[in-house]
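These notes are about the structure you will find just below.
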Amino acid sequence: MTSSPATARTRVAIIGAGPAGLLLAALLHRDGIDSIVIDSRSREEIERTIRAGILEQGTVETLRELGGTRVDAVGHRHDGIELRWDGVGHRIDFQALVGRAVWLYPQHEVLIDLLAKNLADGVDLRLGVTALGIDGAETEAPLVRATGADGTPLEIHADIVVGADGSRSIAREAVTGSLTGGYFREYPFAWFGILCEAPPSAPELIYSTTQRGFALISQRSPEVQRMYLQCEPTMDPAEWSDAFIWDELQARVGGGLHEGTIFQRDVLRFRSFVAHRLRTGRAFLVGDAAHTVPPTGAKGMNLAVADVLLLHRAIADFVATGSEAGLDAYEPTALQRIWKAEHFSYWMTVMLHAAPGATEFDERRRLAELELVATSAHGSAFLAEAYTGWPLRG
Ligand code: PHB
């Protein structure tokens with residue numbers, strides 16, 4: 001005999017305590033709208049998430065306006081990036097081109113801030129709770145089936161359910177009709193990422209492409225740096241020795257890197273994905289549950305924030321007036337930005353990486369594209385506008 005599940009009731013049930021779910025809960029709380037956020041992970045696991053480090057200007061403004069962010073104390077404003085090929089750097093000056101900037105503020109710092117804010121505000125955050133599925137998405141009384149931290153069944157009844165549960169979303173099934181339903185593209189390379197103890201090697205990020213492959217020199221803090229090397233998608237992170245990694249990084253940027261102890265290695269697969277649908281009835285997808293981008297354009301978390309701003313406004317209108325106009329507009333409006341970000345991430349990726357089997361023609365064309373982007377004010381402005389982020393709505 002199975003025991004009958006414990007039940008809870010809220011306005012908005014949010015699956016996933018990543019940046020999207022936590023931001024949505026915080027924005028709703030500010031409006032006096034209650035939510036329950038569930039996540040199978042513990043607080044420590046969430047705060048240890050290693051992800052990208054770049055925030056668009058609009059993302060920073062959103063976090064500042066919400067309050068409780070340390071982005072101005074701990075983060076660093078970057079007014080440009082460097083594109084490098086044939087060993088020569090070309091700076092893309094965001095301030096001069098579009099009057100905007102980005103911030104180096106790693107995702108785990110955003111998560112630490114948002115968790116602390118939601119906990120201090122008394123938001124109903126249930127960690128260690130695993131979502132199993134959504135029932136009744138197409139009705140006015142959807143519910144989330146879950147397993148509590150102690151293994152007992154739990155049902156959360158809500159007016160609206162939001163799947164903010166990342167690229168392996170379980171919410172996707174109720175919204176799209178399948179766990180994987182979407183437009184999908186895979187790339188024939190990946191990034192080998194390291195974290196190392198070293199001072200920054202350059203004031204800004206360096207995106208460098210060579211005949212040996214691509215490298216990105218990013219940062220985490222004055223003491224810790226993040227760097228990536230293009231590699232095979234099937235590569236085992238233990239395969240390369242530290243000495244090989246440093247030689248390869250130095251060779252791919254033309255030397256000059258500060259080396260240090262490598263204390264974390266991982267391989268990032270390159271995928272593009274947009275779910276076939278972002279809404280069914282009262283169930284919605286945001287963030288990585290709705291889309292994936294390859295990391296080259298640093299768009300992942302920023303796109304999640306843009307989704308959440310739109311959906312938050314729609315839910316607030318719905319709660320205040322009963323109007324579903326905003327909810328109806330969520331999918332088509334969100335998709336406009338999503339597909340632009342998909343294009344930008346794809347474009348940066350293809351421009352900066354030699355694909356296996358590329359011909360001499362392909363490579364010469366690719367370098368000409370880089371040359372055009374870096375030396376044309378219009379080409380550079382296109383990159384700067386997209387990288388720093390298009391205006392946010394909502
Ligand atoms: C990172 O710091 O992890 C990072 C920065 C820029 C990117 C991708 C990743 O384009």
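Whatever order the structure lists ligands and atoms in, that order sets their numbers, starting from 1.
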Return yes if some donor-acceptor pair links the side-chain N/O of R172 with the main-chain N/O of L179 below 3.5 Å, else return no.
-> yes

Using atom types as modelled and distance alone, determine if a side-chain donor or acceptor of R252 lies under 3.5 Å from a backbone N or O of Q230.
-> yes

E239 CD: over 12 foreign heavy atoms closer than 6.0 Å | yes

Please state which part of L205 comes within less than 4.0 Å of ligand 1, counting heavy atoms only: side chain, backbone, both or neither.
-> side chain

To the nearest 0.5 Å, atom CD of Q57 lies from atom CZ of F94 at 11.5 Å

Below 6.0 angstrom between ring centroids: does that apply to W85 and H90?
-> yes

Using a 4.0 Å cut-off to any heavy atom of [X], which atoms of ligand 1 qualify?
X    : value
G53  : 1 (C), 2 (O), 3 (O)
I54  : 5 (C), 6 (C)
A298 : 6 (C), 7 (C), 10 (O)

For the pair Y187 and Y346, name the ring-plane relationship: parallel under 30°, tilted 30 to 60°, perpendicular over 60°.
-> tilted

Nearest to [atom], what protein heavy atom do you find, and at what distance?
atom                    : answer
atom 8 (C) of ligand 1  : P295 O, 3.2 Å
atom 2 (O) of ligand 1  : S218 OG, 2.6 Å
atom 3 (O) of ligand 1  : Y228 OH, 2.5 Å
atom 10 (O) of ligand 1 : Y207 OH, 2.7 Å

Is there a polar contact between ligand 1 and [X], counting only N or O atoms under 3.5 Å apart?
X    : answer
Q219 : no
L216 : no
R220 : yes

Sidechain N-carboxylate O distance under 4.0 Å for R226, D266 | yes

Residue pairs involving residues 194-223 (criterion ring-ring contact (aromatic ring centres under 6.0 Å, His included); sequence neighbours excluded) = W191-F214, F214-H353

Could you tell me whether ligand 1 has any atom less than 4.0 Å away from a heavy atom of W191?
-> yes

